[in-house]
Structure formats: structure tokens, C-alpha cells
S.K.: 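Quick one: the structure is below, questions incoming.
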Amino acid sequence: MRFTVSAHDDTRKLVVLAVDDEPNGLDELVHCLRNSPHVAKVFPAIDASEALRLLSTDDPRLRERKDRGLPIVDAVFADIDMPGLSGMEMSRVFAALRPSPALVFVTGHAEEAVNAFDLGALDYVLKPYQQDRLDRAISRVLDKLAAAAVPPPGAMGGEPVKNDDEVIPVELAGTTKLIPRSSVRWVEAQGDYARLFTTEGSHLVRIPLAQLEERWEKAGFVRIHRSFLVALPLITELRMGQGGYQVVIGNEEKVLPVSRRHTRALKDRLVGSGRNG
């Protein structure tokens, strides 16, 4: 279940750190962040060193957050290419904090999107800054905070939900679109690329299928063929076809082949998940 904070919910406002080594860029970023009704405070920093100094100070506004067990700031909007300590290097420091703030990269270079998400970035915003695009990034931060604050059904002691829904950046006509892993139904290998099939269509990404198999195994994806990786919960039928076993995906009657070498492991996974083959 996805929990979204509506535009009229003012019960949770964000404290944000904005980092950009270009003064004009920093001013514009701070301006756009402050324009959001969901942002209570923006701390600007002209580079990574200043950002880290700010977070290590005993500012009473930040100390109060520490005392409440909150991240020092809710989110960091940081440029990637900065002199000295880069945004990528700075992000590793933030990731080590407990609890750690949400990380959003802002940059003029779309080709660095994959590296950004490998470092756990929640979103990736291209310059020049657009208010509506930054608003969507802020909404992602709010969704993450809301999901972490809601215990799963039957959970004892109010343990928070861990938001592990990875997102994959996809380049479409100069725009970086974020595809949540949870929306992917199956993946097809296409050389060094992989095509992600979702309910809305398909998207080609430069990630080998073997790499996705390793990254997504614990999320319920299973290899059924050298060319196909499938979300196990979406398999509604395993049947014998003319050329061997096949699986049916969801209610759309999408049929994919199962190779002989993967048949036994797939049957074991299906039985283990309480399904009938």
C-alpha cells in the first residue's frame, strides 16, 4: 500500500538542506524549495564542505530534531559536480547517518542518473530547475516519510515500514523518468540492455538481465529463462505448452516460456509461495 500526503496536509513539513556550488543555481534551488507549501525550512550551503559543517554544528533548530530521533534534516537536495568534495562523495556521509535524510540529486548531467540511484538517491532532478519538477521530488520525500511512519497490518510495537521500492531511471527524449520496481511485471533481456514491462508500457534500460536478477531476487523476481525475469507474485499459471513449460502473467494472459534448466527451481518457488503449479 502506498501512502501519500495530500497537498492540503500540513501536519508534516520538511526541513531541507540545499547544496549547489553555483550561487545563482543555489538561489534558484532555495527559491523553488521555499515555494513549496510542504517545506518549513531550507538551509543553503555553497558546497559539500559547508553542508557537512552545518550538519555538525549545534544549531538549536537541528539539535531539537536530534533529540526527537529525527534525521538532522528530512532531505538533502544536492548538486553532483562540485569542487572539492563532490555530491556523490557527500552522499556517502549522509547515508551513514542514523536516521539518514532522503537524498535528491540536482544536476545538469542526465548521464549520471544510474550512479545517483546506485547511491540510494530518492530522485534525480535536471537543471534548469522547474517548480513542478521539484514539487514532485518533494512529494516523493513526503511519501517516503509517510510510508516509514505507518506500521504494517498486524505489526507489534509500531515498527516502521522500510521503503525498499527501488526506482530505475529511464531516458525518454531528454527527460529522466523514474520507474518503480513495484510496477515492473517482467523483464526481457536485449543484449546488454533489459526491457522493463509495466502496466503502462515498456522501457529499455542499459542494465544486463543478470544484474537485475541479482538485485531483485529478494524482492520476489525469479529467472524463468535466459531472456526473462518475472515478478513471482504475478504468475497465475504454470502449464505445459508445445515447446515446454510456460507461465501466464496476471490476468492479461501474457504467456512466457520457461526453460528446462529453470523449471525445477520455479516449481519449488511456486510451491513455497503457496501456489499450485
S.K.: Closer than 4.0 angstrom, basic N to acidic O: yes or no for Lys127 and Asp79?
M.R.: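 Salt bridge: yes.
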S.K.: Do Phe77 and Leu29 have side chains that approach each other closer than 4.5 Å (heavy atoms only, starting at C-beta)?
M.R.: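 Contact flag for Phe77/Leu29 side chains = yes.
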S.K.: Near Arg136 CZ, under 6.0 Å, is it more than 12 heavy atoms from other residues, nucleotides or ligands?
M.R.: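 Correct, the count exceeds 12.
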S.K.: Under 4.5 Å between any side-chain heavy atoms of Pro23 and Ile46, yes or no?
M.R.: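 Yes; the side chains approach each other to less than 4.5 Å.
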S.K.: Indicate yes or no: at least one non-hydrogen side-chain atom of Val15 is less than 4.5 angstrom from one of Phe43.
M.R.: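 Yes, close enough: below the 4.5 Å cut-off.
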S.K.: Return yes if a side-chain donor-acceptor contact under 3.5 Å exists between Glu28 and Asn24, otherwise no.
M.R.: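 Absent: no donor and acceptor within the cut-off.
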S.K.: Any heavy-atom pair between the side chains of Phe228 and Val247 that's under 4.5 Å?
M.R.: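 Val247 does not reach Phe228 side chain to side chain.
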S.K.: Enter the distance from Glu217:CD to Arg269:CZ here, rounded to the nearest 0.5 Å.
M.R.: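 Atom-to-atom, Glu217:CD and Arg269:CZ are 6.5 Å apart.
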S.K.: Go through Leu266 and Tyr245 one step at a time and tell me if the side chain to side chain contact (heavy atoms under 4.5 Å, CB included) criterion holds.
M.R.: CA-CA 10 Å; Leu266 177 60; Tyr245 277 101; over 6 Å; no
S.K.: Between Arg195 and Gln190, which heavy-atom pair has the shortest distance, and what is it?
M.R.: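 In this case the closest contact between Arg195 and Gln190 is NE-NE2, 3.3 Å.
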S.K.: Could you tell me whether Gln131 atom CD has more than 12 heavy atoms of other residues or ligands within 6.0 Å of it?
M.R.: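 Result for CD/Gln131: enclosed.
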S.K.: Flag the pair Ile138 / Leu33 as yes when at least one side-chain heavy-atom distance between them is below 4.5 Å, and no otherwise.
M.R.: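 Answer yes - side chains close enough.
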S.K.: For residues Leu26 and Ala18, report the shortest heavy-atom separation together with the two atoms involved.
M.R.: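 Distance-wise, the nearest heavy atoms are CD1-O, 3.6 Å.
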S.K.: Taking side chain as C-beta onward, heavy atoms only, is Arg133 less than 4.5 Å from Asp123?
M.R.: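 The answer is yes, as the side chains (C-beta and beyond) meet within the 4.5 Å cut-off.
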S.K.: Using every non-hydrogen atom in the two residues, find where Thr198 and His203 come nearest and quote the distance to one decimal.
M.R.: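 Result for this residue pair: OG1-NE2, 4.1 Å.
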S.K.: Would you indicate whether Glu214, at its atom CD, is surrounded by more than 12 heavy atoms from other residues, nucleotides or ligands within a distance under 6.0 Å?
M.R.: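 Atom CD in Glu214 is not packed in, count stays at 12 or less.
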S.K.: How many angstroms lie between atom CG of Leu17 and atom CD of Glu50, to the nearest 0.5 angstrom?
M.R.: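 The CD atom of Glu50 is 9.0 Å from CG of Leu17, to the nearest 0.5 Å.
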S.K.: Ignoring hydrogens, what is the shortest heavy-atom contact between Ala194 and Val187? Give both atom names and the distance.
M.R.: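 Taking Ala194 first and Val187 second, the nearest heavy atoms are CB-CG1, 3.7 Å.
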S.K.: Quick one: does Leu256's side chain get under 4.5 Å of Glu188's, heavy atoms only?
M.R.: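 Not in contact.
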S.K.: Once rounded to the nearest 0.5 Å, what's the spacing between atom CZ of Arg34 and atom NZ of Lys41?
M.R.: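 If we round to the nearest 0.5 Å, Arg34:CZ and Lys41:NZ are 6.0 Å apart.
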S.K.: Under the criterion side chain to side chain contact (heavy atoms under 4.5 Å, CB included), which of Val39, Val16, Leu14 is the partner of Asp74?
M.R.: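 Only one option passes, and that is Leu14.
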S.K.: What's the shortest heavy-atom distance between Leu134 and Cys32, and which atoms?
M.R.: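 It is CD1-CB, 3.3 Å.
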S.K.: Are the side chains of Arg239 and Val255 in contact, using a 4.5 Å heavy-atom criterion?
M.R.: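 Side chain of Val255 against side chain of Arg239, heavy atoms only: contact under 4.5 Å found.
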S.K.: Check the pair Ile235 / Ile249 against side chain to side chain contact (heavy atoms under 4.5 Å, CB included), numbers first and verdict last.
M.R.: CA-CA 5 Å; Ile235 296 178; Ile249 308 298; 4.1 Å; yes
S.K.: Determine whether His31 and Asp27 satisfy the following criterion, side-chain hydrogen bond (donor to acceptor under 3.5 Å, both in side chains), listing intermediate values before the conclusion.
M.R.: CA-CA 6 Å; His31 174 74; Asp27 289 344; over 6 Å; no
S.K.: Could you state the interatomic distance from CZ (Arg181) to CZ (Arg215), rounded to the nearest 0.5 Å?
M.R.: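 Rounded to the nearest 0.5 Å, the CZ-CZ separation comes to 9.0 Å.
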S.K.: Is the backbone N or O of Ile207 less than 3.5 Å from a side-chain atom of Gln211, with the two atoms forming a donor-acceptor pair by type?
M.R.: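 The answer is no, because no donor-acceptor pair under 3.5 Å joins these two groups.
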S.K.: Where is the tightest heavy-atom contact between Arg223 and Leu229, given as atom of each residue plus distance?
M.R.: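 Taking Arg223 first and Leu229 second, the nearest heavy atoms are N-CD1, 3.6 Å.
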S.K.: Hey, is CG on Asp192 packed in by over 12 heavy atoms from elsewhere, all under 6.0 Å?
M.R.: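 Count not over threshold, so no.
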S.K.: Over 60° means perpendicular and under 30° means parallel, so classify the ring planes of Phe197 and Trp186, tilted if in between.
M.R.: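 The rings of Trp186 and Phe197 lie parallel, inter-plane angle below 30°.
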